[in-house]
*Asks:* 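I have a structure here, written as structure tokens, and I will follow up with some questions on it.
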Amino acid sequence: VQLQASGGGLVQPGGSLRLSCAGSGFNFDNYAIAWFRQAPGNEPEGVACSSSRSDGLTYYADSVKGRFTISRDNAKNMVNLQMNLLKPEDTANYYCATDLYTPYCSPVGPGREYANRGQGTLVTVSS
């Protein structure tokens, strides 16, 4: 299982970034994919989740709702995270993950069961 995140960088407050997650080594369209972030000294936070089935839900953490949008292209084994109106508190290492168990995201958000993850990409929001 490989999940490779890319697209991070330095951006000013109020700016935008688009992160991409490329999956390989597993049946990508069978499983939900989530984006997590972890800032130094903090626990990981599940910020968004995309179900692989059309009848599944899309989850956003309250901290990013209305600013971040997750999308997926099963044909390309890709999940993207569009991040707008970025704030300094969005600074973190962002990584994508899957639990290799279900195609559906939980309404309470992704947790420790999303153990299959990649290295991540660093997002820094600063002026």
Side-chain angles (χ1 to χ4, degrees):
V1 174
Q2 289 194 342
L3 290 161
Q4 181 65 49
S6 61
L10 173 64
V11 63
Q12 292 187 340
S16 298
L17 278 176
R18 183 176 177 85
L19 305 183
S20 294
C21 171
S24 61
F26 65 105
N27 291 326
F28 187 88
D29 55 359
N30 282 355
Y31 303 106
I33 303 292
W35 281 97
F36 287 78
R37 67 185 181 186
Q38 187 170 19
N42 288 2
E43 290 291 314
E45 177 189 16
V47 297
C49 182
S50 173
S51 297
S52 66
R53 306 287 167 80
S54 59
D55 61 341
L57 62 86
T58 300
Y59 167 87
Y60 295 100
D62 288 343
S63 57
V64 306
K65 203 170 291 183
R67 300 188 298 123
F68 290 12
T69 302
I70 191 170
S71 61
R72 72 187 288 159
D73 185 339
N74 284 337
K76 296 181 179 179
N77 285 11
M78 295 284 291
V79 173
N80 298 313
L81 187 68
Q82 178 66 40
M83 307 188 297
N84 299 329
L85 299 175
L86 284 162
K87 305 174 182 180
E89 51 263 43
D90 294 318
T91 295
N93 183 55
Y94 285 72
Y95 59 91
C96 49
T98 181
D99 64 358
L100 288 181
Y101 178 73
T102 175
Y104 299 110
C105 298
S106 167
V108 299
R112 295 181 182 273
E113 68 276 14
Y114 280 70
N116 301 279
R117 54 160 289 185
Q119 292 279 4
T121 185
L122 183 62
V123 172
T124 303
V125 184
S126 175
S127 54

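Keep in mind that this is a model prediction, so the values were computed, not measured.
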*Asks:* Sequence neighbours excluded, which residues qualify as ring-ring contact (aromatic ring centres under 6.0 Å, His included) partners of F28?
*Replies:* F26
*Asks:* Can you pull out every disulfide bond (SG atoms under 2.5 Å apart) where at least one residue sits in residues 71-127? Sequence neighbours excluded, please.
*Replies:* C21-C96, C49-C105
*Asks:* Please name all residues satisfying salt bridge (Lys or Arg N to Asp or Glu O under 4.0 Å) with D62, sequence neighbours left out, ordered by chain then number.
*Replies:* K65
*Asks:* Tell me the closest heavy-atom pair linking L86 and L17, and the distance in Å.
*Replies:* CD1-N, 3.9 Å
*Asks:* Counting only N and O atoms by type, is there a donor-acceptor contact under 3.5 Å from the side chain of T98 to the main-chain atoms of A32?
*Replies:* yes
*Asks:* Applying salt bridge (charged side-chain N to carboxylate O under 4.0 Å, His left out), which residue pairs with at least one partner in residues 107-127 are found, sequence neighbours left out?
*Replies:* E43-R112
*Asks:* If you look only at pairs with a residue in residues 118-127, which of them pass as a side chain to side chain donor-acceptor pair (under 3.5 Å), with sequence neighbours excluded?
*Replies:* none
*Asks:* Side chains of N80 and W35: closer than 4.5 Å at any heavy-atom pair?
*Replies:* no
*Asks:* Hydrophobic cluster membership, with links at side-chain heavy-atom distances under 4.5 Å among I/L/V/M/F/W/Y: are Y104 and V79 in one?
*Replies:* no
*Asks:* To the nearest 0.5 Å, how far apart are CG in N74 and CZ in R53?
*Replies:* 9.5 Å
*Asks:* With sequence neighbours left out, what residues match Q82 under side-chain contact (heavy atoms from CB on, under 4.5 Å)?
*Replies:* S16, R18, T69, N84
*Asks:* Could you tell me whether a side-chain N or O of S51 sits under 3.5 Å from a main-chain N or O of L57, the two making a donor and an acceptor?
*Replies:* yes
*Asks:* Would Y59 and I70 count as a side-chain contact (heavy atoms from CB on, under 4.5 Å) if you check the C-alpha gap in whole Å, the side-chain angles of each, and the deciding distance to 0.1 Å?
*Replies:* CA-CA 9 Å; Y59 167 87; I70 191 170; over 6 Å; no
*Asks:* At their closest point, which heavy atom of Y60 faces which heavy atom of F68, and how far apart are they?
*Replies:* CE2-O, 3.2 Å
*Asks:* For A22, enumerate each residue passing the side-chain contact (heavy atoms from CB on, under 4.5 Å) test, keeping only those at least two apart in sequence or located in another chain.
*Replies:* M78
*Asks:* Quick one: which residue pairs count as a salt bridge (charged side-chain N to carboxylate O under 4.0 Å, His left out) with a foot in residues 80-109, not counting sequence neighbours?
*Replies:* R37-D90, R67-D90
*Asks:* Just wondering, more than 12 heavy atoms not from Q38 lying within 6.0 Å of its CD?
*Replies:* yes
*Asks:* Which residues pass the side chain to side chain donor-acceptor pair (under 3.5 Å) test with Y101, sequence neighbours left out?
*Replies:* none
*Asks:* Who passes side-chain contact (heavy atoms from CB on, under 4.5 Å) against S106, sequence neighbours left out?
*Replies:* V108
*Asks:* Working to the nearest 0.5 angstrom, can you tell me the gap between N30 CG and S52 OG?
*Replies:* 6.5 Å
*Asks:* Could you tell me which residues satisfy side-chain contact (heavy atoms from CB on, under 4.5 Å) with S54, sequence neighbours excluded, listed by chain and number?
*Replies:* none
*Asks:* Clusters formed by hydrophobic residues whose side-chain heavy atoms approach within less than 4.5 Å: which one holds Y95, and what are its other members?
*Replies:* F36, Y114
*Asks:* Do you know the tightest heavy-atom contact between G46 and A61?
*Replies:* O-CB, 3.6 Å
